[in-house]
Amino acid sequence: MTLMRMSKLFSKTLREVPADAETEGHRLLVRSGMITPIAAGVYAYMPLGLRVLHSIQSIIREEMDREGPDGRAGQELLMPSLVPIEFYERSGRDQTMAEILFRLTDHHDREFALGPTHEEVFVEVFKRNVQSYRDLPLMLYQIATKFRDEPRPRGGLIRLRQFTMKDLYSFDVDEAGLDVSYQMMFDAYVRVFERCGVPVIPALADSGAMGGNDTHEFLYLTEIGEDHCLLCPKCGYAANAEVATFVKESAYADEEAKPLEEIDTPGLTTIEALAEHLGVPKSKTCKAVFYTVTYGDEGGGTREDAVLVAIRGDMDVNESKLKNALGAIEVQYMDEAAVTRAGFVAGSASAVGLEKMKVVADDLVVQERNLVAGANKPDKHLLNVNHDRDWKADIVADIALAADGMSCSNCQTPMDERRGIEMGQVFKLGVKYSEAFEAFFLDAEGQQRPAVMGSYGIGIERLLAAIVEENRDEAGIIWPRQLAPYDVHLVGLQVEKPEVREAAESLVGELESAGLSVLYDDREESPGVKFNDADLLGMPLRVTVSPRNLDKGSVELRLRAGDENELVARDAAVAEIKARLASD
RNA sequence: CGGGGUGUAGCUCAGUCAGGCUAGAGCGCACGGUUCGGGACCGUGAGGUCGGCGGUUCGAAUCCGCCCACCCCGACCA
């Protein structure tokens with residue numbers, strides 16, 4: 001359809017916004033009638049909104065199908081949403097993703113999940129079709145609906161429970177091949193976001209429940225984002241706060257160890273209060289934080305344990321790093337009540353004298369000398385606590401959270417902390433799934449080897465949300481030309497007058513013949529209503545046909561992104577319109 | 001899952017604290033008329049299980065209990 005008459009258009013614009021609209025972009029999408037909320041994290045996509053989603057998908061398909069240097073390219077297919085639970089049991093993700101998995105049971109008590117992601121299904125299908133290295137490399141993808149029972153959907157289209165994802169999976173003979181696939185997808189993603197008019201930065205990320213090694217997220221930087229990342233203004237280092245490293249300079253490593261001393265600290269249960277009372281910087285203290293840790297075991301079950309985490313008092317624990325250091329499925333912060341219940345002294349805890357408890361220490365705190373730490377007795381702390389002498393960590397690792405102003409580990413420049421939304425992520429998975437599913441191929445030497453995999457996702461609705469967030473003003477959406485539902489918004493004023501209607505209809509015909517798509521406002525509404533709707537809906541170019549203009553033998557053009565009206569001769573209208581759109 | 005909030009017409013909301021006649025407004029919608037370059041105006045009209053169930057009461061949108069949905073903060077999250 002290259003023409004839509006607004007008198008026939010199913011969705012209508014809203015003068016008032018549903019109260020629960022969240023971000024400005026979300027408000028505009030709802031007000032413009034492009035999307036309609038159905039349930040928490042579930043939306044209906046109306047005709048105009050769907051056209052944009054389709055345009056986004058076309059761009060993504062073009063970039064996925066583009067041939068790489070050695071001729072490899074994505075091939076599109078479609079996997080089911082209904083996936084037998086065994087698939088996820090086999091990869092262990094029925095456990096690691098248990099909370100977000102939508103499960104259902106059929107009439108024969110057979111269990112299924114609504115696919116939250118499809119590594120398992122792709123690797124199974126791969127296995128059935130590939131036996132030889134001659135078939136590799138392969139890149140398979142789909143654009144399909146995913147289901148995730150998010151504990152808390154939010155931000156309009158930012159965190160949905162049902163959404164569309166483009167997910168591509170690469171299969172290579174070895175790591176070197178994976179590197180090629182990964183780089184290809186990385187480059188393709190840069191092009192996709194560029195073409196969609198959304199600025200992103202690739203940032204180092206955590207692979208989390210996906211498994212695997214290298215991974216980058218493509219972050220759209222915005223105040224409404226839920227991810228935190230650290231950016232180095234000098235060398236360009238960019239990383240999600242979950243994995244961001246920074247320079248840790250020890251402050252007291254050179255001090256002579258002094259004798260341990262117990263002091264009274266009545267009522268001092270926070271690092272701030274303690275440091276202030278003693279007149280020392282927070283960095284001179286050692287903070288103890290307790291976590292309940294969940295590990296997966298061989299049988300597919302889980303077991304829990306408690307750990308004490310020691311970190312310098314001026315820093316916070318990075319739970320992702322902690323989880324990775326422990327090889328755990330989950331770590332859960334123990335609040336004061338839980339700590340007390342577990343028999344520890346909240347506010348005066350430390351690893352000193354704590355037997356048979358696993359202790360994880362940040363790699364900085366173990367270097368420092370003569371720190372202040374809890375005495376594990378109410379209202380008592382210890383001075384001059386030293387690692388090795390007074391306590392010993394079972395695991396020493398970088399588990400500190402990077403924060404604004406900390407120094408870049410590449411170039412020592414202070415980094416900026418920013419918020420962002422993850423638009424897409426690329427993972428080097430390695431052989432985790434191919435081994436679990438025995439997806440082997442025979443190499444040139446006749447050796448059986450697991451395919452080396454990568455996986456690459458883009459959230460389509462999230463991208464839509466970012467596009468609107470990025471391309472708007474007070475009046476409405478300003479679609480980038482390549483994504484606009486229609487090229488031209490043709491407004492007929494006083495269309496009940498035959499001369500206006502005839503002029504508008506004939507111009508519509510000419511525009512269609514010229515290959516342009518047209519949203520034609522043929523409603524009998526006042527000019528204000530029509531202009532405001534045109535601004536709200538955001539087509540790149542507005543063309544006004546009215547008695548006033550026709551009297552001058554003209555029509556009027558106005559770029560949505562600009563603020564100038566321009567009269568052009570009716571006879572030259574199509575050529576002028578094409579020129580305006582091309583230069584937009 | 002913890003904390004907070006909201007649920008009354010298609011939308012935005014008032015009315016609930018202090019129970020009382022046919023439950024209201026604006027916008028939208030329908031019809032008629034006047035208008036026509038930035039969300040016009042006049043008139044007429046349709047539209048409601050007051051989130052649900054139960055209770056208290058002569059009487060419940062209003063008080064009590066349970067439940068549900070949605071939103072916000074946190075936990076959580078590829």
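Below, chain A is the first sequence line, B the second, and so on; all start at residue 1. Here the structure is a predicted model, which is why all the values come from computation and not from measurement.
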Which nucleotides of nucleotides 26-38 of chain B have their base under 4.0 Å from a protein heavy atom (B), which only their sugar-phosphate (S), and which neither (-), written as one string 5' to 3'? BSS-------BBB
Integer angstrom distance from the [atom1] of [N] to that of [M]:
N     : M     : atom1 : answer
B:C13 : B:G48 : C1'   : 15 Å
B:C64 : B:U57 : P     : 16 Å
B:A61 : B:U16 : C1'   : 7 Å
B:A23 : B:U6  : P     : 25 Å
B:C72 : B:C63 : P     : 26 Å
B:C77 : B:A14 : C1'   : 39 Å
B:G24 : B:C71 : C1'   : 25 Å
B:G43 : B:C66 : C1'   : 49 Å

Nearest to the side chain of A:R159, which nucleotide is it out of B:G39, B:A75, B:C77? B:C77
What nucleotide among B:C70, B:G39, B:A75 has an atom nearest to a side-chain atom of A:Q332? B:A75
Between [X] (side chain only) and [Y] (backbone N and O only), is there a donor and an acceptor less than 3.5 Å apart?
X      : Y      : value
A:K287 : A:I271 : no
A:S434 : A:A451 : yes
A:N549 : A:V545 : no
A:N240 : A:C229 : no

For the residue pair A:F290 and A:F344, is the inter-centroid distance of their aromatic rings smaller than 6.0 Å? yes
Across all strands shown, which nucleotide pairs with [N] by Watson-Crick or G-U wobble geometry, both distances under 3.5 Å?
N     : result
B:C1  : B:G74
B:A14 : none
B:C31 : B:G43
B:C58 : B:G20
B:G65 : B:C53

Whole Å only: how far is the [atom1] atom of [X] from the [atom2] atom of [N]?
X      : N     : atom1 : atom2 : answer
A:F163 : B:C77 : CZ    : C1'   : 11 Å
A:D206 : B:C76 : CG    : C1'   : 14 Å
A:R154 : B:G4  : CZ    : C1'   : 15 Å
A:E150 : B:C70 : CD    : C1'   : 17 Å
A:E99  : B:G2  : CD    : C1'   : 14 Å
A:R161 : B:C77 : CZ    : P     : 18 Å
A:R27  : B:C11 : CZ    : P     : 18 Å
A:L157 : B:C71 : CG    : P     : 12 Å

Judged by nearest nucleotide, the residue sitting upstream toward the 5' end of RNA chain B, A:P153 or A:E422, is A:P153
Mapping A:F147 and A:L14 onto RNA chain B by nearest heavy atom, which one lands closer to the 5' end? A:L14
Answer with base, sugar-phosphate or nothing: what part of the nucleic acid does A:E330 contact at a heavy-atom distance below 4.0 Å? nothing
Honestly, is A:K146 close enough over A:F163, meaning NZ or CZ under 6.0 Å from the six-membered ring centre and within 45° of the axis? no
A:F147 six-ring centre to A:R161 NZ/CZ under 6.0 Å and within 45° of normal: no
Does A:E223 pair with A:R418 as a salt bridge, N-O distance under 4.0 Å? no
Can A:K432 and A:E435 be counted as an ion pair, charged N to O under 4.0 angstrom? no
